[in-house]
Amino acid sequence: MDADDRSLLEDLLAGEHRALARVISKIENRAPGYRDLVSELYAHTGNADVIGITGSPGAGKSTLVDKLAETYRDRGETVGVIAIDPSSPFTGGAVLGDRIRMASTVGDMDVFVRSMSARGTLGGLSTATADAVKAMDAFGKDKIIIETVGAGQNEIDIVRTADTVAVLVPPGSGDDIQTLKAGILEIGDVFVVNKADRDGADRTVQELRDMVQLGDESGFDGGGGHHSQEIIDAHDDWDGESADADETDEGWTPPIVETVAIHGTGVDAFIDELAAHRHYLVDSGEHAEQVRTRYAEEIRTLLREDVHTMLEDELAAAGGIDDLAEAVRQGETDPYSIATDVLEPVEACLENLETDTRE
């Protein structure tokens, strides 16, 4: 790490918001040296509670996140918000930019809001988002809230980053409730019927209850498996008993909360359910395997990115993808032969590495 990045890291750890913004920009842009920065962040992470907020467009996610942040601040906790926005087809950047809808906390330096581009990534999350969470965690934010695009079933990607996932459902969703069976139900630790003052809210709550009950009866764990990196030590020290062993033995049943976010109604109850899920994670000791799974996925993602870059370089050295495609069109070769030729030096390097390791 060069001197400038070292100084930037020190400023972030010292609590300078300008440094946090610069680090996240460096991460998002994949600027030179960002990997060394992120590597250094790991030693300072594990203290934040990471909350994912997802749901269909129009469910009121941004308004609820605004009220969540405001309430957490009233309780004396610092907040970081990562708002995953649709990507601009021209720049690749976040279309909505800074979230003007999050008006309640404007000017409060202890609420740091960052919009990030989905960049076409499954579920609206990218590796950069996970790294940005680490930056906010290392900075010292107590709560980190990730608000997703709301692109439907693919939102399951959020579980790789969040400890607790809240799924927002607008009242009178009808068919939308049915689509939850296809995937969203499986990631929800807490369900929120927002805009609960509208017609159809009671029916939506009942439909969600029926679905959660069906999930319990089928032996499906409707959530509860998204566990915090912060509480690894609690698992290691856990003696297999908790204050409410019966409850933890039975697993977590996702509660359903009614809110009217624009008025702040139900937000305290929502926060209480988020806290209850966190206590469940601590007491049950289930999080360690989930944390290992999260790190395993990070490793796989990084390896995929690196191998892809390596192979692109090999393709360029072999004449470029366009020339190779033209050779296939002319009948001079075929894609399988090209793939074999491109992979050959990579496989040779791996074989040499295995030989050196054995020796």
Side-chain angles (χ1 to χ4, degrees), residues 1-9 22-43 45 82 84-95 114 116-135 138 149 154 157 160-161 292-359:
M1 182 183 295
D2 62 29
D4 289 341
D5 284 346
R6 176 63 62 183
S7 175
L8 184 60
L9 176 65
R22 288 180 58 198
V23 167
I24 293 178
S25 293
K26 196 177 182 77
I27 287 170
E28 189 174 19
N29 296 327
R30 289 338 208 193
Y34 86 91
R35 279 197 167 194
D36 291 336
L37 263 176
V38 176
S39 294
E40 293 289 334
L41 292 174
Y42 274 87
T45 60
I82 299 175
I84 310 298
D85 286 332
S87 304
S88 165
F90 303 105
T91 66
V95 171
R114 180 61 179 249
M116 296 186 72
S117 164
R119 297 181 185 270
T121 306
L122 180 68
L125 288 178
S126 64
T127 307
T129 306
D131 290 343
V133 168
K134 293 180 184 66
V149 176
N154 288 340
D157 212 38
R160 295 182 183 140
T161 303
R292 281 194 291 271
T293 300
R294 185 180 301 171
Y295 285 149
E297 186 57 34
E298 284 188 26
I299 294 168
R300 290 190 187 99
T301 299
L302 290 172
L303 288 174
R304 281 194 296 266
E305 290 178 357
D306 290 350
V307 170
H308 177 76
T309 300
M310 251 192 312
L311 293 179
E312 288 290 335
D313 291 342
E314 288 295 328
L315 283 171
I321 191 69
D322 291 336
D323 288 346
L324 293 171
E326 177 62 17
V328 174
R329 193 188 74 82
Q330 295 286 352
E332 299 170 3
T333 184
D334 63 87
Y336 289 95
S337 298
I338 291 172
T340 298
D341 293 341
V342 169
L343 286 172
E344 188 174 351
V346 177
E347 291 174 346
C349 287
L350 290 175
E351 289 175 0
N352 291 335
L353 179 61
E354 289 177 2
T355 301
D356 293 342
T357 303
R358 291 192 192 103
E359 292 175 352

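- Scanning all heavy atoms of the two residues, the minimum distance from A132 to I82 falls at CB-CD1, 3.8 Å.
- Proximity of L302 to R35: side-chain heavy atoms (C-beta onward) are separated by under 4.5 Å at one or more points.
- For the atom pair T129 OG1 and I84 CD1, the distance stands at 3.5 Å (nearest 0.5 Å).
- Across I27 and A128, no two heavy atoms sit closer than the pair CG2-O, 3.6 Å.
- The line from NE2 of H308 to CD of E312 is 4.0 Å long, rounded to the nearest 0.5 Å.
- In this structure, E344 places its CD atom where only 12 or fewer heavy-atom neighbours from other residues, nucleotides or ligands lie under 6.0 Å away.
- In this structure, T127 and E305 approach most closely via the heavy-atom pair OG1-OE2, 3.2 Å.
- Between the side chain of T340 and the main chain of Y336, a donor-acceptor pair closer than 3.5 Å is present.
- For the residue pair S39 / D36, no side-chain donor-acceptor distance below 3.5 Å is found, with atom types taken as modelled.
- The distance from the OH atom of Y295 to the CZ atom of R300 is 15.0 Å, given to the nearest 0.5 Å.
- From E332, atom CD reaches atom CD1 of I338 across 10.0 Å, with rounding to the nearest 0.5 Å.
- Side-chain atoms of N29 do not come within 3.5 Å of backbone N or O of A31 as any donor-acceptor pair.
- Two residues are said to be in side-chain contact when any heavy atoms from C-beta on lie closer than 4.5 Å; L311 and V307 meet this criterion.
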Check step by step if side-chain hydrogen bond (donor to acceptor under 3.5 Å, both in side chains) holds for D4 and S7.
CA-CA 5 Å; D4 289 341; S7 175; over 6 Å; no
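- Between R294 and E297 there is no salt bridge, since none of the side-chain N atoms of the basic residue sits less than 4.0 Å from a carboxylate O of the acidic one.
- Side-chain contact between E28 and R114 is present, with at least one heavy-atom pair separated by less than 4.5 Å.
- At a threshold of 4.5 Å between non-hydrogen side-chain atoms, the residues R6 and E40 count as touching.
- Closest approach of D5 and P32 over heavy atoms only: OD2-O, 4.2 Å.
- Within the 4.5 Å cutoff, the side chain of K26 has no heavy atoms near those of the D131 side chain.
- When all heavy atoms are compared, the tightest approach of V342 to E314 is CG1-CB, 3.6 Å.
- Of all the heavy atoms in D341 and P345, the pair that sits closest is O-CD, 3.3 Å.
- Residues T301 and R304 bring a donor and an acceptor atom of their side chains to less than 3.5 Å of each other.
- To the nearest 0.5 angstrom, I321 atom CD1 is 12.5 Å from E326 atom CD.
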